Amino acid sequence: MHCWDPVTPLGESLPAFDNLVRQGKVRYIGVSNFKAWQVMKALGLSDSSGWARFVAGQYQYSLVNRDIEYEFSDLCATEGIGLMPWGPLGGGFLTGKYSPDERPTDPSSEGRIAATDAVGEEAWHRRNTERNWRILNTVDAIARERGATQAQIALAWLRAQDLVSSVILGVRTMEQLEENLPAADIDLTESELDRLDEASALPELYPYRMIRDYGARNAESFGA
Ligand SMILES: NC(=O)c1ccc[n+]([C@@H]2O[C@H](COP(=O)([O-])OP(=O)(O)OC[C@H]3O[C@@H](n4cnc5c(N)ncnc54)[C@H](OP(=O)(O)O)[C@@H]3O)[C@@H](O)[C@H]2O)c1
């Protein structure tokens with residue numbers, strides 16, 4: 001299911017999916033672009049009604065977009081949902097082919113973030129941030145140390161995340177595919193993963209920090 005649908009009740013869409021699974025037309029069902037509570041609501045309905053439940057999540061996830069770690073990662077871990085990230089290279093940003101504050105303006109430039117239309121403009125401004133360039137610097141340093149490309153390192157970081165079952169590659173050319181596939185054989189070390197995690201860490205938001213600290217205090221007082 002590609003996105004939360006505000007006009008069709010889950011009580012209609014989930015049994016429709018369940019029918020497809022029972023008929024053997026679909027093996028497993030997956031969900032994309034739902035809030036965590038919406039997925040949880042769907043899982044609760046599936047469980048109480050005996051319908052097929054979502055077993056896969058397709059969410060945007062990369063070193064430059066770790067937003068799903070606020071809510072969705074916990075949900076995957078506790079509910080047994082495998083994560084298949086889309087946008088693993090931040091739309092091409094993590095390949096290192098763009099430079100800080102140098103908005104590509106040549107209409108013949110290749111690359112979707114270089115597009116001179118409104119979509120390209122928006123894509124550029126969303127990515128041209130200090131935080132993103134800092135992340136890319138770390139990716140670049142590790143790529144140089146390993147003799148790999150930035151894209152390969154960014155993909156290898158995703159593969160190393162426990163919740164990630166498979167990465168959805170998006171490529172425009174055969175050369176890009178050939179460059180990206182060797183990422184499947186790159187196992188980053190703990191220290192490399194720590195550097196990438198540190199560079200791309202999310203800001204702490206309420207109530208997540210409070211829940212974490214409160215839980216840690218409780219666990220400590222119960223000796224857990
Ligand atoms: N569920 C959803 O809502 C949703 C949303 C979006 C996408 N998706 C799926 O996820 C797939 C992947 O997402 P994505 O396409 O955004 O992934 P991405 O990996 O973040 O971006 C892919 C783009 O990066 C550039 N690129 C890739 N490898 C490169 C390389 N080695 N060197 C230079 N440039 C390179 C190419 O674009 P340029 O050459 O144009 O720069 C390519 O099209 C999509 O194909 C789609 O099936 C799902």
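Values in this document were obtained by computation on a predicted structure and should not be read as measured data.
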| request: Apply the test side-chain contact (heavy atoms from CB on, under 4.5 Å) to residues Val119 and Glu122: give CA-CA distance (whole Å), side-chain angles for both, the deciding distance (0.1 Å), then the verdict. | output: CA-CA 5 Å; Val119 176; Glu122 197 272 331; 5.9 Å; no
| query | Would Arg27 and Val21 satisfy side-chain contact (heavy atoms from CB on, under 4.5 Å), going step by step from the backbone distance to the final call? | reply | CA-CA 6 Å; Arg27 285 209 174 156; Val21 173; over 6 Å; no
| field | Taking every non-hydrogen atom, the tightest pair across Glu71 and Tyr208 | value | OE2-OH, 2.9 Å
| Hydrophobic cluster identity match, Ile211 and Met40, side-chain contacts under 4.5 Å | no
| Minimum-distance pair of heavy atoms, taken over all atoms of Glu192 and Leu188 | OE1-CA, 3.4 Å
| field | For Glu204, all residues meeting salt bridge (charged side-chain N to carboxylate O under 4.0 Å, His left out), sequence neighbours excluded | value | Arg212
| field | Shortest non-hydrogen separation from Ala199 to Thr138 and the atoms involved | value | CB-OG1, 3.4 Å
| query | So, Thr95 versus Gln150: side-chain donor-acceptor pair below 3.5 Å or not? | reply | no
| task | Flag yes if Leu10 and Val55 sit in one hydrophobic cluster, no otherwise; membership is Ile, Leu, Val, Met, Phe, Trp, Tyr, and two members link when side-chain heavy atoms are under 4.5 Å apart. | result | no
| field | Check: Asp5 and Ser13 side chains under 4.5 Å, non-hydrogen atoms | value | no
| Does a sphere of radius 6.0 Å around CD in Glu220 hold more than 12 heavy atoms from other residues, nucleotides or ligands, not counting ones at 6.0 Å or beyond? | no
| query | Looking at CD1 of Ile142 and OG1 of Thr189, how far apart are the two atoms once the value is rounded to the nearest 0.5 Å? | reply | 7.5 Å
| query | Where do Glu145 and Arg195 land on the salt bridge (Lys or Arg N to Asp or Glu O under 4.0 Å) test, with the steps shown first? | reply | CA-CA 13 Å; Glu145 288 157 21; Arg195 284 160 65 193; 3.0 Å; yes
| task | Please tell me if the side chains of Val64 and Leu89 come closer than 4.5 Å, counting only heavy atoms from C-beta onward. | result | no
| query | Any side-chain heavy atom of Arg22 within less than 4.5 Å of one from Asp18? | reply | yes
| Are Leu63 and Trp86 linked, directly or through other ILVMFWY residues, by side chains that come within less than 4.5 angstrom of each other? | no
| task | Can you establish whether the number of heavy atoms outside Tyr28 located under 6.0 Å from its atom OH is more than 12? | result | no
| request: Consider only side-chain N and O atoms of Ser191 and Asp194, and report whether a donor and an acceptor are under 3.5 Å apart. | output: no
| In terms of heavy-atom contacts, does CG of Asp162 have more than 12 from other residues, nucleotides or ligands at under 6.0 Å? | no
| query | Side-chain heavy atoms under 4.5 angstrom apart, residues restricted to Ile, Leu, Val, Met, Phe, Trp, Tyr: same cluster for Val167 and Leu193? | reply | yes
| message | Any salt bridge linking Arg134 with Glu130? Criterion: basic side-chain nitrogen under 4.0 Å from a carboxylate oxygen. | response | no
| request: Would you sort out whether Trp157 and Tyr61 count as a ring-ring contact (aromatic ring centres under 6.0 Å, His included), showing the intermediate values? | output: CA-CA 11 Å; Trp157 176 84; Tyr61 191 34; 5.6 Å; yes
| query | Rounded to the nearest 0.5 Å, how far apart are CG of Asn65 and CZ of Arg126? | reply | 8.5 Å
| query | Heavy atoms, side chains only, cut-off 4.5 Å: are Leu94 and Ser62 in contact? | reply | yes
| field | Worked check of salt bridge (Lys or Arg N to Asp or Glu O under 4.0 Å) between Asp197 and Arg66 | value | CA-CA 10 Å; Asp197 279 338; Arg66 296 176 60 176; 3.5 Å; yes
| request: Output, in order, the C-alpha distance, side-chain angles, deciding distance and verdict of side-chain contact (heavy atoms from CB on, under 4.5 Å) for Phe54 and Glu79. | output: CA-CA 9 Å; Phe54 291 129; Glu79 293 298 322; over 6 Å; no
| said: Please give me the minimum heavy-atom distance between Ile29 and Arg53, naming the atom from each residue. | reply: CG1-O, 3.4 Å
| Same cluster or not: are Leu202 and Phe93 linked, directly or through other Ile, Leu, Val, Met, Phe, Trp or Tyr residues, by side-chain heavy atoms under 4.5 angstrom apart? | no
| task | Return the set of residues passing salt bridge (charged side-chain N to carboxylate O under 4.0 Å, His left out) with Asp140 (not counting sequence neighbours), or none when no residue passes. | result | Arg144
| task | Check step by step if side-chain contact (heavy atoms from CB on, under 4.5 Å) holds for Asn33 and His2. | result | CA-CA 6 Å; Asn33 307 316; His2 183 256; 3.9 Å; yes
| field | Contact summary for Arg159 and Asp185, nearest pair of heavy atoms | value | NH1-N, 4.3 Å
| note | So OH of Tyr98 and CG of Asn128: to nearest 0.5 Å the spacing works out to 12.0 Å
| Taking all non-hydrogen atoms of both residues, which atom of Leu155 and which atom of Pro88 are closest, and how far apart? | CD2-CB, 3.6 Å
| said: Once salt bridge (charged side-chain N to carboxylate O under 4.0 Å, His left out) is applied, do any residues pair with Arg172, and if so which ones, sequence neighbours excluded? | reply: Glu110
| Is the shortest heavy-atom distance from the side chain of Phe17 to the side chain of Met1 under 4.5 Å? | yes
| remark: So OG1 of Thr149 and CG of Asn180: to nearest 0.5 Å the spacing works out to 6.5 Å
| query | Rounded to the nearest 0.5 Å, what separation is found between the OG atom of Ser200 and the CD1 atom of Ile135? | reply | 5.0 Å
| Spacing of Ser49 atom OG and Leu14 atom CG [to the nearest 0.5 Å] | 8.0 Å
| task | Evaluate the side-chain proximity of Leu181 to Leu169: yes if any heavy-atom separation is below 4.5 Å, no if none is. | result | yes
| said: Within the supplied structure, the quantity of interest is the number of heavy atoms (other residues, nucleotides, ligands) at a distance under 6.0 Å from Glu198 CD; does it exceed 12? | reply: no
| said: Can you confirm whether Gln58 sits close enough to Val31 that some side-chain heavy atom of one is under 4.5 Å from a side-chain heavy atom of the other? | reply: no
| query | Quick one: which of Phe34, Tyr59, Trp37 gives a ring-ring contact (aromatic ring centres under 6.0 Å, His included) with Phe72? | reply | Tyr59
| said: Is the shortest side-chain heavy-atom distance between Gln60 and Ile68 below 4.5 Å? | reply: no
